[in-house]
Amino acid sequence: MYSDVVETGYGKVRGLNIEGINVYKGIPYGGPTDGSARFMPPTRPASWTGVRDVFDYGPACFQTKGGINVDNELTRTQPPRKSEELQSENCLVLNVWSPGTRDGKKRPVLFWCHGGGYFAGSGSNSVNDGTCLARRGDVVVVTINHRLGPLGFLYLKELGGSDYGASGNAGMLDIVAALKWVGDNIEAFGGDPGNVTIFGHSGGGGKVSTLLAMPAAKGLFHRAVIQGAYGLRMVESSAAAETTERILADLGLKKDQLERLHQLHPKQLWDAYYHICKWDPIAFAEKGRNVMNVGPVVDGKHLPHHPFDPAGPEISAHIPIMIGTTKDESTIFLASEPSLGQVDEAGMRQWLKHYIGEQNVDRVIAAYLKDEPNASPNDLLVAVSSDVITIKDSIVLAERKIAQKGAPVYMYRFEHESPILGGKMKSLHGLEIPFVFDNLHKSTPDFIGDDPGLSDLAANMSQAWIGFARSGNPNHDGLPVWPPYNLEERPTMVFDKQCNIVNDPRREGRRVLDQLFIS
């Protein structure tokens with residue numbers, strides 16, 4: 001069954017009506033980005049005549065395998081992603097799910113930024129299908145594709161001057177262009193351009209944090225959700241320039257041959273990128289978020305400063321934020337450890353010295369044992385590394401948001417554990433996504449589990465996101481009272497089969513890491 005025909009600023013579109021939801025896939029929000037347009041700011045899409053059928057997902061950004069290569073068993077538990085098989089450098093497309101387009105309603109808009117660092121993924125993942133979320137909350141859901149890796153973030157300004165001034169943030173400017181498209185067109189799809197919530201996980205959460213500090217994005221969204229991400233700092237221009245020079249050398253190009261970059265097949269760029277920006281779990285433990293040095297660049301203009309370092313961005317002080325993580329974020333990064341799940345004392349200490357320095361291991365272990373006296377060496381490794389990689393920075397971001405004395409920030413933690421790989425991944429990075437989208441049926445019991453109460457957990461989470469999008473407050477009848485985060489009690493909503501508020505989870509661990517790290 002066809003959806004309603006909707007007129008955008010570039011032409012009319014017709015999608016499909018699926019289970020009562022109007023679905024429009026692969027709508028262009030920008031023009032071509034290949035050839036001479038490579039590394040350049042996005043342009044407007046070409047207009048068309050007649051009615052354009054938008055039944056299928058558009059292409060994901062061209063990308064090659066590399067970077068984080070987690071145990072293949074992890075990905076085999078997910079349904080095939082046929083929609084992601086189509087890839088192209090010309091990938092500026094978006095998808096819209098809406099309960100109604102001709103009823104005069106102005107619904108909250110939830111705008112999803114996909115994960116995958118800044119080098120992988122797409123908005124076409126079946127787990128991010130917006131049908132259930134749109135139906136549950138009477139909201140409009142938007143997902144997008146944009147440029148990634150060297151196509152979206154290769155910083156060429158130092159070598160190419162003002163002609164390449166946007167190159168280090170081209171992928172972020174794509175997202176800004178998609179938000180502008182939403183502002184101009186979403187009302188015709190039944191959405192409210194004056195009530196847009198940006199939300200994203202992992203690299204998508206980092207994109208949300210970056211948007212909060214980008215002058216070009218000001219006024220295009222009104223609430224923000226950062227899931228499982230480290231969003232305090234992005235890439236320094238000096239580090240980005242160094243990475244670019246190494247990639248050029250790998251390609252056999254001189255610094256004055258930037259025009260050759262426009263002629264290469266994108267695979268050549270990606271191969272050089274992964275050759276230079278190798279994924280190494282030990283390097284990640286020691287250097288964390290800066291290990292790959294390709295992502296949004298603090299270029300002084302498009303991203304004037306780090307998003308939340310040394311303070312929160314003034315331009316978004318009025319934007320309410322919800323931020324949180326899974327309990328065991330690090331297990332996905334530790335998946336290469338063959339004894340994960342049964343790491344012994346020696347293995348724990350060997351890993352921890354990379355995360356916190358050998359001289360600090362005894363002190364940190366002692367602090368964490370105050371929080372969990374019966375924790376095994378494996379549990380201690382997962383707790384400390386999860387806090388160092390992601391959770392610590394999420395808390396610091398919340399603290400800096402509070403310091404602005406503007407809009408509130410709400411903190412959560414997802415604690416349901418996955419049975420995958422015999423349960424050794426625990427509450428791993430990204431496990432909450434199908435619950436947020438109310439899409440348990442899009443995942444598998446091998447990944448999310450089949451415990452009684454999981455549908456209630458999905459309902460509680462998705463309804464919290466919907467409530468936050470509607471009013472800036474995630475409270476609803478299915479949850480205990482969820483107060484804004486503060487520095488006295490540090491109230492944190494724990495999402496599990498039974499949801500409850502916990503004040504300052506892993507308090508002693510947080511305190512000792514505060515002393516060791518200057519974020």
Side-chain angles (χ1 to χ4, degrees), residues 1-34 37 42-63 79-107 109-114 121-135 138-147 174-175 177-193 196 437 439 442:
M1 180 177 177
Y2 294 130
S3 72
D4 299 334
V5 173
V6 173
E7 185 161 7
T8 75
Y10 304 97
K12 296 178 180 179
V13 294
R14 178 178 63 174
L16 297 174
N17 188 286
I18 300 174
E19 300 172 7
I21 300 298
N22 295 290
V23 182
Y24 307 84
K25 294 179 176 179
I27 304 174
Y29 69 84
T33 53
D34 59 352
T43 58
R44 292 178 177 270
S47 298
W48 59 87
T49 58
V51 177
R52 181 174 186 151
D53 288 336
V54 286
F55 301 159
D56 299 311
Y57 287 121
C61 177
F62 182 92
Q63 55 197 273
R81 299 177 181 177
K82 294 181 180 178
S83 59
E84 292 185 344
E85 292 174 2
L86 179 63
Q87 295 184 356
S88 170
E89 187 169 355
N90 297 315
C91 62
L92 304 191
V93 294
L94 55 76
N95 316 299
V96 179
W97 289 263
S98 175
T101 64
R102 296 175 178 171
D103 52 14
K105 290 187 178 181
K106 287 189 174 182
R107 298 172 174 85
V109 179
L110 286 117
F111 180 102
W112 174 249
C113 298
H114 70 75
S122 82
S124 310
N125 187 321
S126 62
V127 179
N128 306 143
D129 181 289
T131 302
C132 293
L133 199 58
R135 180 186 299 108
D138 192 28
V139 297
V140 175
V141 179
V142 177
T143 70
I144 70 166
N145 294 345
H146 62 88
R147 285 174 284 180
D174 292 345
I175 302 175
L179 283 167
K180 288 180 178 178
W181 185 98
V182 166
D184 292 340
N185 295 283
I186 208 65
E187 189 170 356
F189 292 83
D192 183 358
V196 177
F437 277 85
N439 274 342
K442 298 282 187 179

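Values reported hereafter were calculated over all heavy atoms of this structure, with side chains retained and with hydrogens, waters and symmetry mates removed.
Separation of atoms OG1 (Thr8) and CG (Asn185) is listed at 5.0 Å; rounding is to 0.5 Å. Rounded to the nearest 0.5 angstrom, Ile144 CD1 and His114 NE2 are separated by 7.0 Å. For the atom pair Thr131 OG1 and Asn22 CG, the distance stands at 10.5 Å (nearest 0.5 Å). Here the CD1-CG distance, from Ile21 to Asp129, works out to 10.0 Å after rounding to the nearest 0.5 Å.
Side-chain contact between Asn439 and Cys132 is present, with at least one heavy-atom pair separated by less than 4.5 Å. Using a 4.5 Å cut-off on side-chain heavy atoms (C-beta onward), Asp56 and Lys25 make no contact. Counting only heavy atoms from C-beta outward, the side chains of Phe437 and Asn128 approach each other to under 4.5 Å. You'll find the side chain of Phe189 stays beyond 4.5 Å of the side chain of Val142, heavy atoms only. Here the side chains of Ser3 and Leu16 are not in contact, with every heavy-atom distance at 4.5 Å or above. Within the 4.5 Å cutoff, the side chain of Ile18 has no heavy atoms near those of the Trp97 side chain. Taking 4.5 Å as the limit, some side-chain heavy atom of Pro42 sits within range of a side-chain heavy atom of Arg147. The shortest side-chain heavy-atom distance between Tyr10 and Ser47 falls under the 4.5 Å cut-off.
Across all non-hydrogen atoms, the minimal contact from Ser88 to Cys91 is O-CB, 3.5 Å. Residues Leu94 and Val96 share a closest heavy-atom pair of CD1-CG2, 3.8 Å. Nearest heavy-atom pair, Ala134 versus Val141, reported as atom, atom and distance to 0.1 Å: N-CG2, 4.0 Å. Listed here is the closest heavy atom pair of Gly123 and Thr143: O-OG1, 2.8 Å. Contact between Gly58 and Ser124 at its shortest, heavy atoms only, is O-OG, 4.2 Å. Minimum heavy-atom separation, Ile175 to Cys113: CG2-SG, 4.3 Å.
Distance alone, capped at 3.5 Å, is enough to place a donor-acceptor pair between the Tyr29 side chain and the Asn145 backbone. Without hydrogens or angle criteria, Thr33 side chain to Glu89 main chain gives a donor-acceptor distance under 3.5 Å. A donor-acceptor pair under 3.5 Å links the side-chain atoms of Gln63 to the main chain of Gly121, judged by distance alone. Side-chain N or O atoms of Asn95 include one that pairs as donor or acceptor with a backbone N or O of Gly26 at under 3.5 Å. With hydrogens and angles disregarded, no donor-acceptor distance shorter than 3.5 Å links the side chain of Asp53 to the backbone of Phe55. Listed for the Trp181 side chain is no donor-acceptor partner under 3.5 Å among the backbone atoms of Ile186. A donor-acceptor contact shorter than 3.5 Å is absent between the side chain of Asp4 and the backbone of Gly100. A donor-acceptor contact shorter than 3.5 Å links the side chain of Arg135 to the backbone of Glu19.
A 6.0 Å sphere centred on CZ of Arg44 holds no more than 12 heavy atoms belonging to other residues, nucleotides or ligands.
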message = As a quick check of understanding, evaluate side-chain contact (heavy atoms from CB on, under 4.5 Å) for Tyr57 and Asn125, giving each step before the final call.
response = CA-CA 10 Å; Tyr57 287 121; Asn125 187 321; over 6 Å; no
